[in-house]
Peer 1: 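The structure follows.
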Amino acid sequence: MKSSIAKHVSGLLLPFVQVFGIYVILFGHLSPGGGFAGGSILGASMILYRFVYGAEASDRKFKYHYMLKIACTALIFYGLIKGYVFVGAFLGWHNPVGTGTVGSLFSGGFIMPLNVLVGAVVAITFYFIATLFEEGDFGNADPHQ
Amino acid sequence: MDVFNIMVLAIMIAGAVAAARTKNLLGAVIIFMVYSLMMAILWQRMNAPDLAITEAAVGAGITSILFIVTLRKIKGMKK
């Protein structure tokens, strides 16, 4: 899409959308929102960047193998931490993080790291789904492998 | 159930029927987006802001983007 108006308006709008997405992810245990909602907002901002600035610029900024590594690492850590929470609650282990004071950002134990991991996975997955809808495959999205 | 909720529900029913009956595909997608946005307002009115955020981001955002990309791929948009 070669539109100067769309480029300038989205250039002004994208940082606010991404900051709002990160806010929804980070404050998911205190206010409405969470990993899925904030991750979908972040993914929508990445899809907007791809459709406005073109596929080449977006592939340069969001590299395919890099994003895939982030998503897989987030999934593995999600499994580890969630499994630790389940097993630790069942066996009565001591919680190494602690609960913190109610209402502060670093409270709620493992909920905020899990929200961050879920947000990363959901944002990257939505971006990949939109890329698949547009391109059909990841044929020339990965020049490094 | 006050008057505003009933108005939003009426818009949702009309939007659902119109999205199924219209011949213009891009118009159907936009009507579906309006339907989803009214659903988000109704979630907020029923004290479920978490679902409202998710509905507004996924239903009115991502799904409509994917529909419009698909329309552009199959050249279903009328000029």
Side-chain angles (χ1 to χ4, degrees), chain A residues 1-3 6 10 13-14 16-55 58 108 111 115 118-119 121-137, chain B residues 1-2 4-5 8-9 11-12 15-16 19-20 22-79:
Chain A
M1 190 187 299
K2 300 295 179 190
S3 170
S10 66
L13 200 63
L14 272 173
F16 293 100
V17 175
Q18 288 180 342
V19 165
F20 179 64
I22 292 169
Y23 168 79
V24 169
I25 290 176
L26 282 184
F27 284 78
H29 56 299
L30 299 175
S31 61
F36 186 79
S40 59
I41 294 169
L42 274 183
S45 74
M46 287 153 69
I47 293 169
L48 177 67
Y49 185 87
R50 184 180 184 89
F51 286 164
V52 170
Y53 288 88
S58 181
I111 296 178
N115 270 337
V118 172
V121 172
V122 169
I124 293 170
T125 306
F126 275 148
Y127 176 69
F128 279 171
I129 287 173
T131 308
L132 275 178
F133 266 65
E134 193 196 11
E135 306 274 333
D137 61 345
Chain B
M1 223 26 156
D2 55 354
F4 188 78
N5 285 9
V8 171
L9 272 177
I11 294 173
M12 280 178 60
T22 182
K23 300 293 181 190
N24 190 0
L25 290 176
L26 184 60
V29 172
I30 292 171
I31 294 169
F32 185 75
M33 198 188 297
V34 171
Y35 169 84
S36 188
L37 209 59
M38 290 298 132
M39 192 75 224
I41 293 174
L42 201 59
W43 286 126
Q44 173 62 34
R45 299 279 299 171
M46 293 192 287
N47 293 327
D50 197 350
L51 276 177
I53 289 176
T54 307
E55 178 81 30
V58 176
I62 307 273
T63 313
S64 304
I65 289 172
L66 293 183
F67 273 138
I68 288 173
V69 171
T70 309
L71 279 185
R72 201 172 68 181
K73 285 293 279 189
I74 67 173
K75 303 203 171 36
M77 276 194 220
K78 288 176 184 164
K79 294 292 178 187

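In what follows, chains carry the letters A, B, and so on, assigned in the order in which the sequence lines appear, proteins first and then strands, with residues in each chain numbered from 1.
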Peer 1: If I take atom OH from residue A/Tyr53 and atom CG from residue A/Leu14, how far apart are they, to the nearest 0.5 angstrom?
Peer 2: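 Here the interatomic distance stands at 6.5 Å.
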Peer 1: In the structure I gave you, are the side-chain heavy atoms of B/Thr54 and B/Trp43 within less than 4.5 Å of one another anywhere?
Peer 2: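 No, every pair of side-chain atoms sits at 4.5 Å or beyond.
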Peer 1: Need one label for B/Ile62: side chain, backbone, both or neither, based on atoms under 4.5 Å from any heavy atom in chain A.
Peer 2: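 It is the side chain, since no backbone atom gets that close.
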Peer 1: Report yes if some heavy atom in the side chain of B/Val29 is under 4.5 Å from a heavy atom in the side chain of B/Leu25; otherwise report no.
Peer 2: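 They are not in side-chain contact.
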Peer 1: Is A/Phe126 close to chain B through its backbone or its side chain, or both, or neither, when contacts mean heavy atoms under 4.5 Å?
Peer 2: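 It is the side chain, since no backbone atom gets that close.
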Peer 1: Could you name the residues of residues 17-33 of chain A that have a heavy atom within less than 4.5 Å of a heavy atom in chain B?
Peer 2: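 Heavy-atom contacts from residues 17-33 of chain A to chain B are A/Pro32, A/Gly33.
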Peer 1: Is B/Asp2 atom CG crowded by more than 12 heavy atoms from other residues, nucleotides or ligands, each under 6.0 Å away?
Peer 2: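 Count over threshold, so yes.
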Peer 1: Would you check if the side chain of B/Ser64 reaches a backbone N or O of B/Ala60 as a donor-acceptor pair within less than 3.5 Å?
Peer 2: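 Present.
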Peer 1: Using side-chain heavy atoms (C-beta onward) and a distance below 4.5 Å, is B/Ile68 in contact with B/Arg72?
Peer 2: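 No, side chains not in contact.
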Peer 1: Does B/Val8 reach the side chain of B/Arg45, with side-chain heavy atoms less than 4.5 Å apart?
Peer 2: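 B/Val8 vs B/Arg45: side chains apart.
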